[in-house]
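Both ligands and their constituent atoms are indexed starting at 1 by order of listing. Everything quoted here is computed from the prediction, not taken from an experiment.
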Amino acid sequence: MARLDNKIALVSGGARGLGAATCHAFVREGARVAIADIDLAAAQKLAGEIGASAKAYALDVTDEGAWDRVVAQVVADFGGLTTLVNNAGIGHLASVEDCTFEQWRAVLAVNLDGVFLGTRAGIRAMKSRGGGSIINISSVYGIVGSELTAAYNASKGGVRNFTKSAALHCAKSGYEIRINSVHPSFILTDMVTGAAGKLADPQAFLTALIERHPLGRLCEPADVAHACVYLASDETRNQTGIELVVDAGYIAQ
Ligand code: NAD
């Protein structure tokens with residue numbers, strides 16, 4: 001038996017970065033995956049690379065109606081939904097003084113509204129079908145702050161505690177649905193390299209970043225994918241409302 005045999009997973013923002021690594025890892029462990037992304041072409045490309053165990057869906061996580069449609073389609077295509085990774089997210093570099101209200105709302109819409117809408121749609125699909133596991137991708141920046149990421153900190157802190165509320169609701173409702181958050185530190189995906197590229201000296205930023213990680217290295221997408229495999233598997237049947245930190249020691253200091 002592989003660790004995720006018989007699991008059917010939807011990964012939002014699954015077309016690239018941490019989401020794509022998670023899709024690959026899930027399929028390696030026996031799951032079938034719905035790669036749901038605002039960039040349908042990229043999701044289709046990844047599904048083509050993975051093969052018959054993957055299918056691509058267009059999903060903007062801020063669109064309430066789209067969640068209902070996509071989840072219903074995944075259930076129809078695969079015969080159910082056991083696992084949901086609310087991974088789609090956007091970064092934004094601005095202090096509280098520099099952040100416009102428009103930017104604030106855009107970050108909160110994707111990173112927090114998207115996780116709420118996804119979690120609610122996931123619960124509705126799972127509760128009458130034997131339960132499941134919902135994994136919300138927060139960040140170390142949902143636990144500690146940075147002066148440069150006001151909206152991002154707010155969104156990821158929101159995901160952290162919203163996850164506990166939803167986990168408690170499911171537990172106390174008698175649903176076999178576990179909901180946990182994952183908190184990665186900096187990983188060199190498009191999100192981070194894109195932000196670093198706007199700085200005056202990206203190489204100095206990278207060097208300083210590595211120095212802030214006690215293990216002396218950055219995490220990689222596969223590290224987060226492994227954490228998601230663990231939380232998706234029945235090995236964690238008694239873990240709900242937890243925060244799983246994947247950070248090379250970043251917030252232990
Ligand atoms: P990425 O930019 O490499 O990939 C994000 C994916 O989400 C893309 O495929 C993009 O098309 C998709 N997406 C963006 N907006 C969307 C929307 N509205 N609806 C659906 N899909 C959408 O980012 P990543 O680094 O892989 O980040 C994935 C998650 O991990 C995010 O929630 C991010 O905040 C979190 N995270 C990343 C890091 C890091 O250092 N990379 C650290 C901690 C947490």
Side-chain angles (χ1 to χ4, degrees), residues 10-25 33-47 56-67 69-71 84-93 105-119 121 135-146 148-149 151-160 162-163 181-197 205-206 209-210 212-213 217-225 227-228 243-248 250-251:
L10 188 162
V11 181
S12 77
R16 56 174 73 80
L18 309 187
T22 300
C23 290
H24 278 292
V33 290
I35 306 166
D37 204 289
I38 199 166
D39 185 344
L40 179 61
Q44 285 169 329
K45 183 167 177 288
L46 181 61
Y57 299 83
L59 173 69
D60 177 348
V61 295
T62 68
D63 182 340
E64 183 175 13
W67 269 109
R69 287 192 299 277
V70 170
V71 168
L84 168 66
V85 185
N86 283 308
N87 164 77
I90 55 174
H92 185 247
L93 277 181
R105 293 184 77 159
V107 173
L108 271 285
V110 178
N111 294 4
L112 188 55
D113 296 357
V115 172
F116 158 66
L117 293 172
T119 300
I135 300 161
N136 293 333
I137 306 299
S138 175
S139 167
V140 291
Y141 276 2
I143 301 173
V144 298
S146 154
L148 286 177
T149 51
Y152 190 78
N153 281 143
S155 69
K156 294 300 186 178
V159 170
R160 178 193 188 197
F162 163 73
T163 298
S181 56
V182 174
H183 300 260
S185 59
F186 303 86
I187 299 172
L188 297 180
T189 60
D190 292 353
M191 177 183 289
V192 172
T193 53
F205 167 78
L206 191 60
L209 204 55
I210 293 169
R212 280 156 63 193
H213 289 71
R217 56 178 180 255
L218 299 183
C219 294
E220 297 188 357
D223 296 316
V224 176
C228 291
E243 301 165 21
L244 184 46
V245 174
V246 181
D247 74 341
Y250 187 87
I251 59 165

| Can you tell me if CZ on Arg105 sees more than 12 non-hydrogen neighbours from other groups inside 6.0 Å? | no

With a cut-off of 3.5 Å and sequence neighbours excluded, list every side-chain donor-acceptor pair involving residues 16-25.
{"residue": "Arg16", "atom": "NH2", "partner": "Asp39", "partner atom": "OD2", "Å": "2.8"}
{"residue": "Thr22", "atom": "OG1", "partner": "Leu18", "partner atom": "O", "Å": "2.8"}

| query | In Å and rounded to the nearest 0.5 Å, what is the CG to CG distance from Leu117 to Leu112? | reply | 9.5 Å

| salt bridge (charged side-chain N to carboxylate O under 4.0 Å, His left out) partners of residues 108-118, not counting sequence neighbours, each pair once | none

| message | Suppose we screen for ring pair (Phe, Tyr, Trp, His ring centres under 6.0 Å). Which residues come up paired with Tyr152, at least two apart in sequence or across chains? | response | none

May I have a table of the N/O to N/O pairs between ligand 1 and the protein that fall below 3.5 Å, each row giving the two atom names and the distance to 0.1 Å?
{"residue": "ligand 1", "atom": "9 (O)", "partner": "Arg16", "partner atom": "NH1", "Å": "3.1"}
{"residue": "ligand 1", "atom": "9 (O)", "partner": "Asp37", "partner atom": "OD1", "Å": "3.4"}
{"residue": "ligand 1", "atom": "9 (O)", "partner": "Asp37", "partner atom": "OD2", "Å": "2.7"}
{"residue": "ligand 1", "atom": "11 (O)", "partner": "Arg16", "partner atom": "NH1", "Å": "3.1"}
{"residue": "ligand 1", "atom": "11 (O)", "partner": "Asp37", "partner atom": "OD1", "Å": "2.6"}
{"residue": "ligand 1", "atom": "18 (N)", "partner": "Asp60", "partner atom": "OD1", "Å": "3.0"}
{"residue": "ligand 1", "atom": "19 (N)", "partner": "Leu59", "partner atom": "O", "Å": "3.3"}
{"residue": "ligand 1", "atom": "19 (N)", "partner": "Val61", "partner atom": "N", "Å": "3.0"}
{"residue": "ligand 1", "atom": "21 (N)", "partner": "Ile38", "partner atom": "N", "Å": "3.3"}
{"residue": "ligand 1", "atom": "25 (O)", "partner": "Thr189", "partner atom": "OG1", "Å": "2.5"}
{"residue": "ligand 1", "atom": "26 (O)", "partner": "Leu18", "partner atom": "N", "Å": "2.8"}
{"residue": "ligand 1", "atom": "32 (O)", "partner": "Asn87", "partner atom": "O", "Å": "2.7"}
{"residue": "ligand 1", "atom": "32 (O)", "partner": "Lys156", "partner atom": "NZ", "Å": "2.9"}
{"residue": "ligand 1", "atom": "34 (O)", "partner": "Tyr152", "partner atom": "OH", "Å": "2.6"}
{"residue": "ligand 1", "atom": "34 (O)", "partner": "Lys156", "partner atom": "NZ", "Å": "3.0"}
{"residue": "ligand 1", "atom": "40 (O)", "partner": "Ser185", "partner atom": "O", "Å": "3.4"}
{"residue": "ligand 1", "atom": "40 (O)", "partner": "Ile187", "partner atom": "N", "Å": "2.7"}
{"residue": "ligand 1", "atom": "40 (O)", "partner": "Ile187", "partner atom": "O", "Å": "3.3"}
{"residue": "ligand 1", "atom": "41 (N)", "partner": "Ile187", "partner atom": "O", "Å": "3.2"}
{"residue": "ligand 1", "atom": "41 (N)", "partner": "Thr189", "partner atom": "OG1", "Å": "3.1"}

| Euclidean distance, Tyr250 OH relative to Leu218 CG, rounded to 0.5 Å | 10.5 Å

